[in-house]
Amino acid sequence: MEPRKLSSDACQWAYERYIDNDPDLDDFMNDVKIKADLAGQIYSVRNKLRMTREDLAEFSGLSLDTVEALEESDYDGSWQEAINLINSAFENWYSNVILPASRMTHDDYSIKALGA
């Protein structure tokens, strides 16, 4: 296996000292990195779409606790299934919330004065 170059000398030292010669630990660290990356993507897309965690839970069918665990990369279930549900939720949110809101006119979101 080709030696990895990590982001800092300290990380590189820790990797070489504790993980480099242990394939199980190396696999574990790769898994942690992948899950952390997915968690960051979920958080980022959810915020770009202006969704709350509650919105994501509702649109995905996942529990709020599951959404929180996924965003904190502390989820023990099937990540692939959860990601599929989340991607579907993002698509539904965009189609059913964002697009209709973007087509609203001033009259659609204005309160009319009494007696007018």
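Numbers here simply count residues along the sequence, with the first being 1.
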So, using side-chain contact (heavy atoms from CB on, under 4.5 Å) as the criterion, who are the partners of [X] when residues are at least two apart?
X: Phe28; result: Val32
X: Asp22; result: Asp24, Leu25
X: Asp107; result: Thr105, Lys112
X: Ser95; result: none

I'd like to check the side-chain hydrogen bond (donor to acceptor under 3.5 Å, both in side chains) partners of [X]; sequence neighbours left out, ordered by chain and number.
X: Ser102; value: none
X: Asp37; value: Gln41
X: Ser63; value: Thr66
X: Glu72; value: none

Can you measure from [atom1] ([X]) to [atom2] ([Y]) and round to the nearest 0.5 angstrom?
X: Asn47; Y: Thr52; atom1: CG; atom2: OG1; answer: 10.0 Å
X: Leu64; Y: Asp55; atom1: CG; atom2: CG; answer: 10.5 Å
X: Glu71; Y: Arg53; atom1: CD; atom2: CZ; answer: 4.5 Å

Q. Does the Ser88 side chain pair with the main chain of Asn84, one donor and one acceptor, at a distance under 3.5 Å?
A. no

(Q) Once salt bridge (charged side-chain N to carboxylate O under 4.0 Å, His left out) is applied, do any residues pair with Glu58, and if so which ones, sequence neighbours excluded? (A) none

Q: Could I get the full list of salt bridge (charged side-chain N to carboxylate O under 4.0 Å, His left out) partners for Asp31, not counting sequence neighbours?
A: Lys35

Q. Is there a side chain to side chain contact (heavy atoms under 4.5 Å, CB included) between His106 and Tyr109 once you walk through the steps?
A. CA-CA 6 Å; His106 178 71; Tyr109 57 84; 4.0 Å; yes

(Q) Can you tell me if Asp108 has over 12 outside heavy atoms packed within less than 6.0 Å of its CG? (A) yes

Q: Each residue besides Val45 in its hydrophobic cluster should be listed here, by chain and number; the cluster joins Ile, Leu, Val, Met, Phe, Trp and Tyr at side-chain heavy-atom distances under 4.5 Å.
A: Ile34, Leu38, Ile42, Leu49, Met51, Leu56, Phe59, Leu62, Val67, Leu70, Tyr75, Trp79, Ile83, Leu85, Ile86, Phe90, Trp93, Tyr94, Val97, Ile98, Leu99

Q) Does anything in residues 78-103 pair up under salt bridge (Lys or Arg N to Asp or Glu O under 4.0 Å), and if so which pairs, sequence neighbours excluded? A) none

